[in-house]
Amino acid sequence: YQRRVRDTSNEEHEFAFPSTHAILASSVSLLTAFHHIDSYPSHSSTLVVMVWFMFVLLWSSCISFSRVYMGAHSFQDIAAGGIIGTLFGYLLRYFFSNYSHLLSGPHYISMWIIIFIVILHLHP
């Protein structure tokens, strides 16, 4: 058994609940799967959809569980991050499917600036 040494003297390096790696991995993988299904509806047979979802689920799980392996987060951190990321992925899919005209219309620059400011504000 080998103990990992972590620098905990600086507050910047402390890890928080939930895991942002898990949030991003689950939301990006879900959005990638939805994009594949929406972009290629004629090629999206049930088998292709299942294989694609299994691939992105494996990818997201590897990223999330690497945080536990590295000792950066506990299982509860990545479970909460996965749930939040999944909800965020569904929310973004709903937004992009119903309000995509806001991101490409005459006021698209102001909308992207608002999104950028919100992301900067929310990021630690």
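Values below: all heavy atoms of this structure, side chains included; hydrogens, waters and symmetry mates excluded. On a predicted model such as this, the values are computed, not experimentally measured, just so you know.
- The side-chain contact (heavy atoms from CB on, under 4.5 Å) test with L30 singles out one residue from T86, L87, L92, V56, and that residue is T86.
- Counting all heavy atoms, side chain and backbone alike, F88 lies closest to S27 at CD2-CB, 4.1 Å.
- Between S64 and the options L24, I78, I23, a side-chain contact (heavy atoms from CB on, under 4.5 Å) holds for only I78.
- No continuous path of ILVMFWY side-chain contacts below 4.5 Å connects L91 to I84, so the two sit in separate hydrophobic clusters.
- Taking each heavy atom of I63 and H21 in turn, the nearest pair found is CG2-O, 4.1 Å.
- At least one donor-acceptor pair closer than 3.5 Å links the side chain of S26 to the backbone N or O of A22.
- Listed by chain and number, the residues in a ring pair (Phe, Tyr, Trp, His ring centres under 6.0 Å) with Y90 are F34 (sequence neighbours excluded).
- Taken from NE2 in H73 to OG in S66, the straight-line distance is 9.5 Å, to the nearest 0.5 Å.
- Using a 4.5 Å cut-off on side-chain heavy atoms (C-beta onward), V28 and W59 make contact.
- Here S74 pairs with Q76, D77 under the side-chain contact (heavy atoms from CB on, under 4.5 Å) rule; sequence neighbours left out.
- Between the side chain of S60 and the backbone N or O of L57 there is no donor-acceptor pair closer than 3.5 Å.
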